[in-house]
Amino acid sequence: MRSEPVLGERGPFADGRALKLPVVEARSLVKSYGVGRAARRVLDGVELRVEPGELLAVIGRSGSGKSTLLHLLGGLDRADEGSIRVAGVALEEQTQAGLTTLRRESVGFVFQSFHLLPELTGLENVLLPARLAGDGVGAIARARALIASLGLDEAAQRLPDTLSGGEQQRLAIARALVNEPVLVLADEPTGNLDVESAAVVLDLLRGIAGGGRSVVLVTHDREATAQADRVIELRDGRVL
Amino acid sequence: MSALLRYALARVVARRGRALLTAGGIAAAAAMLGAGTTVGYSLATGFDRAADRAGLPHAIARFDSLPLDEVRRRALSLPNVETASFRLEQQGVHVHSEGNFNDHGKLQGIRGGRRGYAIVAGRDVRARGELVIERGLEREWGVELGDVVDLREFRSSVSLRVVGVAVSPDNVAFPLTNGPRLYADYDDVRELEGEAPGAVNVALLWVQDTELLDVTLAQARAASFGIDELTFVTRDGIRALINQAAGIVIALLVAFSLVAVGAAVTMLSAASAADVQRRLPSIGVLRTLGATPRAVAVGNALEAALVALPAGLVGIVAGALAVYGPTGRLLDALSELGPGVALVLPLAGCLLGLVAIVAFAAGWPAWRAASRPPVATLGGADIVQVPRRAVFGGGTVGLGVRLALSRPARAAGTIAVLASAAAVVLLMLALAALLQRLETDPGTVGKRYRLTVAAPAEEVARIERVPGIAGAAVRYETPAADSFSLGETFQVIGFDGDHVEFEAPPLAAGRRLARDDEVEVGLGLAQALNLSPGATLAAQLPSGREVRFRVSGVVRALENEGRIAYVRAARLVAAEPFLPVRIAILIAPGATKESVAQRLSSSGYFPEPVAGVTVRSGGFLDVLAALLRSLAGVIGLVCLYVLAQMLALTAQERRRTIAVLQTLGAGRRQVAAVLSGSALVVAVIGAGAGIVLERFLVGPAAASLAASYVSLPLVAGAAQAALVTVALVVLALVAAAWVGGSAARRPIVAGLREE
């Protein structure tokens with residue numbers, strides 16, 4: 001199933017506006033974990049720039065810092081050194097409340113384990129970011145349209161544990177898009193899916209980028225890199 | 001064992017935050033336990049303690065004054081009497097000291113022999129001019145040793161110096177009684193009263209065999225020829241009277257303490273189970289390394305005990321201290337003594353029991369987990385339960401509701417505690433309201449007349465013609481004793497005509513009286529004498545004459561603890577022709593008590609308003625209110641803890657959910673909103689369950705416990721129910737804000753990695 005047109009039409013830049021600034025601009029990022037002899041520099045001077053409408057794939061071995069980079073870009077964690085600007089906002093200057101607002105308005109997340117809340121139905125999961133932003137009522141039509149465009153009308157009425165992995169991940173993508181963010185961060189989104197479902201999810205992400213949003217995709221999947229506009233590799237905390 | 005202990009200690013130190021949270025919970029439950037034990041033990045043993053220390057007599061006889069030699073001869077000739085003391089008592093003495101005065105003082109002239117009161121400050125009376133006062137007077141008026149108290153009786157007066165303070169549990173204390181008890185030298189009292197030398201009117205009797213006390217009193221009655229106005233009060237009768245009020249408080253506290261401990265165990269078990277679930281891989285490693293299930297369980301139990309011992313000690317001591325002062329004042333009001341160091345033993349027992357329960361609650365899930373194959377435990381497990389269906393809305397608050405309901409056992413445990421706390425608080429509020437009504441509203445005790453006047457029976461027709469009066473009837477009242485058991489005293493009330501129109505406690509059995517030889521007895525009297533419709537009541541009147549009635553019905557009367565008998569006046573007056581007469585007056589619809597009283601006054605009468613239960617309960621209510629306030633503080637603390645503990649467990653277990661929410665843009669307020677949904681659902685259900693519990697179970701049970709002889713309306717009103725519900729909702733929101741703030745500060749990335 002291809003659904004790029006719908007996703008693209010709902011993108012923030014579908015009206016033809018041109019964003020001159022990059023969506024993501026990271027400079028000299030350093031992040032370490034642990035103390036003493038256990039200390040490890042996970043990111044060591046990473047430089048990164050993601051343009052509007054670009055699908056960037058980040059690859060690397062386990063422990064190379066891919067997920068850490070994603071967490072820093074999404075404001076889930078803070079870098080030890082360096083600077084990050086997302087949609088023009090300098091993350092290092094933001095308070096926790098500022099980072100929360102950024103995540104709510106400008107960033108969408110897609111995880112390997114889906115992270116749908118088991119107590120909420122598919123529709124309620126999709127609506128959750130909008131409700132957190134105080135836009136629960138207004139977002140219903142948007143959420144229903146997203147769900148319909150993904151062919152999830154029936155699944156949206158059910159609790160996640162009764163859905164297939166592919167259905168859950170597509171719902172997670174719809175959730176990431178409901179607030180119409182400029183940036184989607186996807187951490188191994190196909191890691192728990194079969195080949196067919198993985199292909200559908202990758203098509204969706206490609207479509208999101210085609211609609212004007214930027215997508216940063218962390219993956220081990222070679223198929224995924226084939227869909228990307230650009231691929232970078234992380235090794236020992238550096239971009240090769 | 002030392003290796004286990006070291007491992008347990010290391011785990012406590014390594015996880016200080018979680019250990020502190022657990023310790024806080026144990027301390028809160030322990031505080032409730034300590035408070036409940038302190039109040040319960042103090043009140044349950046207070047009377048016996050005071051009676052033993054005071055050497056309270058087994059029976060007290062009062063009579064018109066007689067020469068000492070004659071009374072002593074008759075008393076000591078009774079076979080079972082071990083010893084006796086004799087006093088001259090004067091009631092209604094005007095007492096004045098330091099700007100305070102009272103016209104109902106009970107002054108006792110002390111001769112040799114046993115005293116029947118305990119000196120708690122200063123010393124006893126040794127010479128003329130000295131006075132011992134009861135502790136209630138010392139507290140109420142601030143009288144101190146060395147102060148002078150003026151006593152006046154008709155035209156005589158005397159000034160005595162206070163040399164001691166005494167406690168005697170033969171009655172509740174001033175100001176709960178209308179006048180203070182005072183003890184002075186016999187000759188001071190005799191001169192004040194103008195009595196002949198050697199005259200006495202009170203005999204304190206101590207018997208050898210208390211089982212034969214009834215027989216002894218019957219013999220005393222038989223040997224009382226020539227002694228007028230003889231009445232007896234026994235130690236058991238005094239105990240029953242004084243413990244009426246304390247019984248409710250004890251039952252409430254014991255019940256709530258048990259529920260609080262049960263809830264604490266539920267919460268600790270849930271916390272332990274969650275902890276064990278989280279630690280399954282490390283338990284698997286321990287098992288792989290050769291640890292037995294017993295060793296794993298003992299290690300966990302030891303760890304819990306290490307936390308529970310200091311936390312329980314702090315909580316129990318804090319709870320005991322919180323209520324010790326108010327309990328002491330309540331005991332003072334009841335003329336009883338506090339337990340002092342004797343309280344240490346039951347509190348130590350509570351501490352040991354609490355530690356054992358906590359250790360078991362921690363060890364049991366560990367033992368169950370360790371009993372599984374190591375391969376199964378090494379893999380760990382997701383501790384998140386999957387709900388069966390979606391209920392409530394899907395917003396932040398609705399999500400919180402679903403999180404709470406996905407753990408039904410924990411939610412039920414929390415609801416049980418909140419419901420019992422709500423029920424106890426509602427009962428306290430209902431009790432306070434009832435006590436107020438009993439004091440001020442005669443309708444509460446079945447009295448329909450609002451005024452009485454002392455006037456001859458012939459005046460009834462004239463009084464009835466006063467505007468605003470719907471009816472009037474002659475009412476007689478006299479004390480009496482059962483002819484077969486003279487220690488059982490009661491009040492006989494006689495009306496000219498039908499008493500139901502004027503005074504009608506509800507019927508519990510049988511029917512209303514219809515003839516002059518029939519009687520309606522109160523349930524308290526029926527229980528004491530084993531009376532039922534058709535039985536015979538043989539009443540011995542103050543004159544010594546006996547009059548018999550056939551029981552037609554049993555009524556739920558509150559006055560005089562239900563030891564009451566309603567008859568038609570004819571037979572009563574025939575046996576006691578000089579009974580004092582009062583005219584009971586019904587107010588007509590549209591008229592007010594005040595307007596009718598004014599008209600009666602202008603007609604030359606002295607009307608008196610009718611109260612409810614004729615006790616001075618204002619002071620007692622104040623004391624009880626202070627105690628309940630202390631308890632309410634502890635109960636509120638327990639509720640807050642239970643809610644916070646539930647939310648902390650939820651936040652701990654659902655750390656990933658909270659992290660996902662934060663990833664999606666939830667700030668601290670939204671996380672708190674989610675947890676407020678969890679807290680509100682249990683708080684609201686708990687409040688509702690508490691209201692139902694109080695209305696249909698706790699209230700009726702407490703009413704029955706307090707006074708089985710009467711139907712007490714111990715049901716909280718809508719305003720009280722709303723107050724308790726709002727209080728629980730506020731506590732829920734406070735707990736949610738507290739835990740939510742803490743949960744939102746944790747690293748998001750670590751939460752996302754939680755499984």
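These figures come from a predicted structure and were not determined experimentally. All values below come from the heavy atoms of this structure, side chains included, with hydrogens, waters and symmetry mates left out. Chain A is the first sequence line, chain B the second, and so forth, proteins listed ahead of strands; every chain is numbered from 1.
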Task: I748(B) CD1 to H71(A) NE2 distance, which is reported to the nearest 0.5 Å - done: 9.5 Å
- [ ] Let me know which of L403(B), L399(B), L664(B) forms a side chain to side chain contact (heavy atoms under 4.5 Å, CB included) with L117(A).
- [x] L399(B)
Task: Residues from residues 72-81 of chain A approaching chain B under 4.5 Å (heavy atoms) - done: L76(A), D77(A)
TODO: Determine the minimum heavy-atom distance between G395(B) and R131(A), stating which atoms define it.
DONE: N-NH1, 3.5 Å
Task: Backbone N/O of G665(B) and side chain of R103(A): donor-acceptor pair under 3.5 Å - done: no
Task: Separation of Q662(B) CD from F109(A) CZ (nearest 0.5 Å) - done: 11.5 Å
TODO: Starting at CG of L128(A), measure out to CG of L661(B) and round the result to the nearest 0.5 Å.
DONE: 5.5 Å
Open item on the list: Looking at R746(B), I want to see if its CZ is surrounded by more than 12 non-hydrogen atoms of other residues, nucleotides or ligands under 6.0 Å.
Closed with: yes
- [ ] Output all residues satisfying ring-ring contact (aromatic ring centres under 6.0 Å, His included) with F114(A), sequence neighbours left out; order by chain, then residue number.
- [x] none
Open item on the list: Which one wins on heavy-atom pair count under 4.5 Å against chain B: P129(A), A133(A), A97(A), P160(A)?
Closed with: P129(A)
- [ ] Using side chain to side chain donor-acceptor pair (under 3.5 Å) as the criterion, list what pairs up with S197(A), not counting sequence neighbours.
- [x] D194(A)
Task: chain B contact via R158(A) - side chain, backbone, both or neither, heavy atoms under 4.5 Å - done: neither
Pairs of donor and acceptor atoms involving the side chains of residues 666-680 of chain B, under 3.5 Å and at least two apart or interchain, shall be tabulated with distances.
from	atom 1	to	atom 2	distance (Å)
Q670(B)	OE1	G667(B)	N	2.9
Q670(B)	NE2	L132(A)	O	2.9
S676(B)	OG	A673(B)	O	2.6
S678(B)	OG	G400(B)	O	2.6

Task: Engaged part of T663(B) at the chain A interface, taking heavy atoms whose separation is under 4.5 Å - done: both
